[in-house]
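Whatever order the structure lists ligands and atoms in, that order sets their numbers, starting from 1.
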Amino acid sequence: MGGFAQAWSFVHEPALLGVVADSLSVFDPASKPAADIRDMFLLVLAITGGICVVVEGMLIYCIWRFRSKPSDSVEPPQVYGSRPIEVAWTVAPLLIVFVMFLVVVRTAADVRQVPENAATTGLRVTVIGRQWWWEYVYEGYRTERLSFRTANELVVPVDTPVVLDLQSADVIHSFWVPRLAGKTDVIPGRTNRTWFQARHPGSFLGQCAEYCGTQHGNMLLRVEALPADEFERWLANQKQPAREVEAVRAGREAFRSRSCVNCHTIRGVSERGTAGPDLTHLMSRKTIGSGMVFLRPDPRQNKGTLPDGADPLTAWVTDPQKIKPGCLMPAFHLSRSEFEEIVAYFKTLE
Ligand code: CUA
């Protein structure tokens with residue numbers, strides 16, 4: 001996994017790149033599992049850094065101290081073997097490795113330890129990795145059962161344990177939001193579990209961390225941690241079926257009668273499509289295309305991914321292959337007016 005910030009390279013402005021790099025930093029954890037991993041990393045870095053300084057220091061000292069041979073020198077005494085020295089340089093590294101082993105085992109156990117109250121006070125979500133986006137099935141919040149789906153942006157409350165069951169619909173992916181938790185593989189045919197608890201509100205970015213095909217680098221993650229009351233409002237809205245706005249009826253009918261419905265669900269309109277993202281509350285998200293395109297762009301943010309001045313949603317619906325080559329949504333051959341109607345309809349899906 002190289003060039004982590006590069007995956008977000010559609011952000012060309014240095015100022016924004018700084019913001020993105022900050023929000024991906026493993027050194028600035030915003031959740032306990034990420035803090036445990038950072039602490040372990042710093043401890044191992046301190047131990048190995050100390051060893052490096054001692055070894056390199058002795059090496060440099062010897063090179064300097066014995067840099068030339070006095071002309072009248074005699075051969076120094078030749079010593080073969082020294083039990084005390086050999087015992088020392090065997091036992092000391094063994095102890096160091098043993099200490100690091102214990103720290104790793106303990107951290108691994110801590111990171112996996114889901115808080116006991118998560119089942120009654122937390123948020124439970126099933127994450128499904130797909131080529132090349134993330135689907136979230138909200139299963140439950142506190143004692144309430146939920147059953148709606150969203151895509152790409154995981155919205156969570158702050159100071160609340162969030163338990164994620166990870167599954168894959170196709171190949172192996174890896175779920176990684178560095179400021180919240182470590183990487184967890186997302187493997188077909190099995191369910192892996194991870195969790196985090198955001199300490200403060202904010203957007204936490206991440207990235208699929210296992211090569212999964214041509215658009216692996218554009219399989220971005222975004223976790224939005226909201227204050228409790230804002231999250232409750234978001235949740236209440238998501239539970240509703242799609243809004244019905246009379247003025248965009250033509251777009252709704254075009255969506256319903258075209259092949260859009262084979263892949264996409266809009267609750268209350270058509271619910272058989274499961275291959276693509278659920279669009280019921282599309283406009284409540286910041287991005288589409290798995291973090292690739294900002295729906296309401298700050299013009300600096302979409303640079304490089306969209307033609308200048310293009311409306312993001314129109315550009316995506318008209319030809320997703322131009323923005324994300326290889327993605328599983330084809331370009332459809334609809335009339336211009338049909339595209340306009342469908343996009344106008346989508347924009348009402350708050
Ligand atoms: Cu999904 Cu890489």
Side-chain angles (χ1 to χ4, degrees), residues 1-11 17 20-21 23-26 31 33-34 37 111 125-139 149-156 162-196 203-224 263-265 273-279 282 285-295 302 304-305 316 320-330:
M1 228 323 288
F4 194 67
Q6 245 169 29
W8 292 82
S9 60
F10 60 86
V11 184
L17 198 57
V20 168
S23 62
L24 294 170
S25 174
V26 290
S31 163
I37 293 170
V111 163
V125 178
T126 298
V127 179
I128 304 170
R130 294 171 179 271
Q131 282 175 317
W132 289 276
W133 57 284
W134 301 94
E135 179 162 44
Y136 300 116
V137 186
Y138 280 71
E139 309 279 6
R149 287 164 191 261
T150 67
N152 298 321
E153 286 170 32
L154 181 60
V155 179
V156 303
V162 177
V163 181
L164 303 177
D165 282 327
L166 299 138
Q167 298 169 354
S168 170
D170 35 54
V171 299
I172 301 177
H173 306 271
S174 178
F175 186 91
W176 190 29
V177 183
R179 292 189 64 200
L180 297 176
K183 295 173 188 174
T184 309
D185 277 356
V186 182
I187 299 171
R190 66 173 279 156
T191 301
N192 282 342
R193 178 165 281 194
T194 188
W195 76 283
F196 62 83
S203 297
F204 301 102
L205 304 183
Q207 155 80 54
C208 179
E210 179 79 36
Y211 182 71
C212 56
T214 51
Q215 287 294 338
H216 156 70
N218 289 325
M219 193 171 166
L220 310 181
L221 283 156
R222 174 178 282 271
V223 175
E224 299 288 347
C263 293
H264 294 287
T265 282
T274 54
D278 185 307
L279 303 178
L282 172 68
R285 300 173 202 153
K286 285 184 179 166
T287 61
I288 52 173
S290 203
M292 285 281 291
V293 175
F294 285 82
L295 275 171
N302 281 335
T305 45
W316 178 271
Q321 297 298 323
K322 239 185 210 153
I323 301 171
K324 198 164 176 176
C327 77
L328 300 189
M329 176 164 166

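Under a 3.5 Å cut-off, the side chain of Thr191 and the backbone N or O of Gln167 do not form any donor-acceptor pair. Under the 3.5 Å distance criterion, the side-chain polar atoms of Gln207 are left unmatched by any main-chain donor or acceptor of Trp176. Here the side chain of Trp195 pairs a donor or acceptor atom with the backbone of Val111 at under 3.5 angstrom. A distance-only check finds a donor-acceptor pair linking the side chain of Glu153 to the backbone of Thr287 [under 3.5 Å]. Although no hydrogens or angles enter the test, the distance criterion places a donor-acceptor pair under 3.5 Å between the side chain of Trp132 and the main chain of Cys212.
For a distance threshold of 2.8 Å, the protein N, O or S atoms nearer than that to atom 2 (Cu) of ligand 1, listed by chain and number, are Cys208 SG, Glu210 O, Cys212 SG, His216 ND1.
Atom-to-atom distance recorded for Thr214:OG1 and Lys324:NZ is 9.0 Å, nearest 0.5 angstrom.
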